[in-house]
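Notes for the one structure printed next.
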Protein chains: 2
Amino acid sequence: MAENKKQGKQSNIRAKSQEKILDAAQQEFILQGFKGATVQSIADRAGLPKANILYYFKNKENLYHAVLEQTLNMWDEGIGDIVIEDGPKIAIEKFIAAKVKMSFTYPSASKMHAMEVIQGAPHLKEFARTYLRQWVREKAKLFQHWVDNGEMKDIDPVSLIILIFSSTQHYADFEAQILTIMNRAEYEPEDIEQVTQFLTDIILRGCGLKK
Amino acid sequence: MAENKKQGKQSNIRAKSQEKILDAAQQEFILQGFKGATVQSIADRAGLPKANILYYFKNKENLYHAVLEQTLNMWDEGIGDIVIEDGPKIAIEKFIAAKVKMSFTYPSASKMHAMEVIQGAPHLKEFARTYLRQWVREKAKLFQHWVDNGEMKDIDPVSLIILIFSSTQHYADFEAQILTIMNRAEYEPEDIEQVTQFLTDIILRGCGLKK
DNA sequence: GAATCTATTGACCATTAGGTCAGATTGTTA
DNA sequence: TAACAATCTGACCTAATGGTCAATAGATTC
């Protein structure tokens, strides 16, 4: 609130410009890679002169980091949360539903992240790595608890989480390939429901949580 | 044979150099992307002068296509084949085993392919696209046959194939992330067996082919 | 062993891309 | 409305990169 007092039209302009730039940059980085995306191409896509981009972000490296950070925050928010009270069935359902929705709603975030990881995650700080590891361990502990409690089959929780990651993200990252296979031009809203249904069905049964 | 007659030491040199270049190029293209990989960096990695690279491959674009083609051929060979006599259980087992083995044995091929697809497959010719579609349709028809025959649950075959693609390739493409999660430096030979076992178990049960 | 391919490589060039900067323009505030 | 700050932008510079070329060395063939 106190901050908003200070924000006049200018801060608004700043925020608007930055957002426009970040969006354009994300597209270019995905399409061309870090080196392949030129400041000029980002500028063109954002409809701004090149020097303006460099005015808001000191340099290309800086801009890339900003895009990546935005992406990771989005991933973090969209992943949903599961708690011990859920039990394995609800937990898996929630988890899959959240990740599929993410994949179809913000495919660019997933693609950006995927490219970074494939290239060996050169820009992901140690912090991000440790955070992910902690996250997975924490959730794995929940599943292990349910396994020990006889609420689900004896399945390796970490492998299960990786399976859910991979099968859901794939629809974002490999969009081009899936559309090719299906001989379609783009996804339809119904696809979210269909994919969620399919994956939930197979994986729940795979975990012995459905006959 | 007749061809071999003509191959003396020179053809050997040619083959050896080209292979060395292709390997170096593949690494660089994965690490830096198409634009980011410089001919000089590829030359350095291959231990050859830059001009020598351009002697064997007219230009960078050309070299990229050569690497991509080699990659696709490898994918094609390593995917294994399933036939109607197999029945759904054996087919899924064979399919998963082949793809997991591929992912752990030639992760670079998978990564190269993944980057290309994420970026919208700009270099993949219409031919490669059509080929993939045909391949999937053909295999899907087998699964559909088994479904109609009551040999397995009523599951969408195309979604099943996509699930196997995604869950197996993930171990190659997201190697860096999985190692991070597991807090390990690199994969071990046993991992192939463990992953194959896990995925086969879940997916077979998911398809109602295992109690 | 001369003639003819094939392979190798340093020097060179044109283009492009990241980044700077100074000056113009617009917004803010008192 | 004057002074100040934030935004915008064309012109410019430098380094790096893809690609060419001509000259040299090595193989092959007859």
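Lettering follows sequence order; numbering is per chain, from 1.
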Just how far, in rounded Å, is C1' of D/dT17 from CD of B/Glu28? 14 Å
Rounded to whole Å, CZ of A/Phe57 lies from P of C/dG18 at a distance of 15 Å
Which nucleotide sits closest to the side chain of A/Ile13: D/dT7, C/dA17, D/dG18? D/dT7
Proximity to the side chain of A/Pro49 - top-ranked nucleotide from C/dT9, C/dT8, D/dG10: D/dG10
Counting only distance, no hydrogens or angles, is the base of C/dG19 paired donor-acceptor with the side chain of A/Lys50 under 3.5 Å? yes
B/Lys60 and B/Phe34: side-chain contact (heavy atoms from CB on, under 4.5 Å), yes or no, with the steps? CA-CA 9 Å; B/Lys60 198 166 100 167; B/Phe34 174 73; 3.9 Å; yes
Check whether any side-chain heavy atom of A/Leu72 lies under 4.5 Å from a side-chain heavy atom of A/Leu124, and answer yes or no. yes
How close or far is atom P of C/dG19 from atom OH of A/Tyr64, stated in whole angstroms? 15 Å
Nearest-Å distance, CG (B/Asn59) to C1' (D/dT17)? 14 Å
Tell me the interatomic distance from A/Ile53, atom CD1, to D/dT9, atom C1', rounded to whole angstroms. 12 Å
Short side-chain N/O contact from A/Tyr55 to OP1 or OP2 of D/dC8, under 4.0 Å: no
Quiz item: A/Lys60 side-chain donor-acceptor pair to C/dG19 base, under 3.5 Å: no
Tell me the interatomic distance from A/Leu63, atom CG, to C/dG18, atom C1', rounded to whole angstroms. 12 Å
Want to settle it: does A/Glu61 or B/Ser17 sit nearer the 5' end of DNA chain C, counting the closest nucleotide to each? B/Ser17
Side chains of A/Gln177 and B/His113: is there a donor and an acceptor less than 3.5 Å apart? yes
One thing to verify: whether A/Glu138 and A/Lys141 come together as a salt bridge, which I'm taking to mean a side-chain N less than 4.0 angstrom from a carboxylate O. no
Under 4.0 Å between a side-chain N/O of B/Asn52 and OP1 or OP2 of C/dT8, yes or no? yes
At under 4.0 Å between heavy atoms, what does B/Ala37 touch on the DNA or RNA strands: base, sugar-phosphate, or nothing? sugar-phosphate
Is it the case that A/Glu93 and A/Thr200 place a side-chain donor and acceptor less than 3.5 Å from each other? no
For A/Asp44 and D/dT9, give me the distance from atom CG to atom P, rounded to whole Å. 13 Å
Using only side-chain N and O atoms of B/Arg14, determine if any of them is under 4.0 Å from OP1 or OP2 of C/dA7. yes
Using atom CG of B/Leu54 as one end and atom P of D/dG19 as the other, report the distance to the nearest whole Å. 6 Å
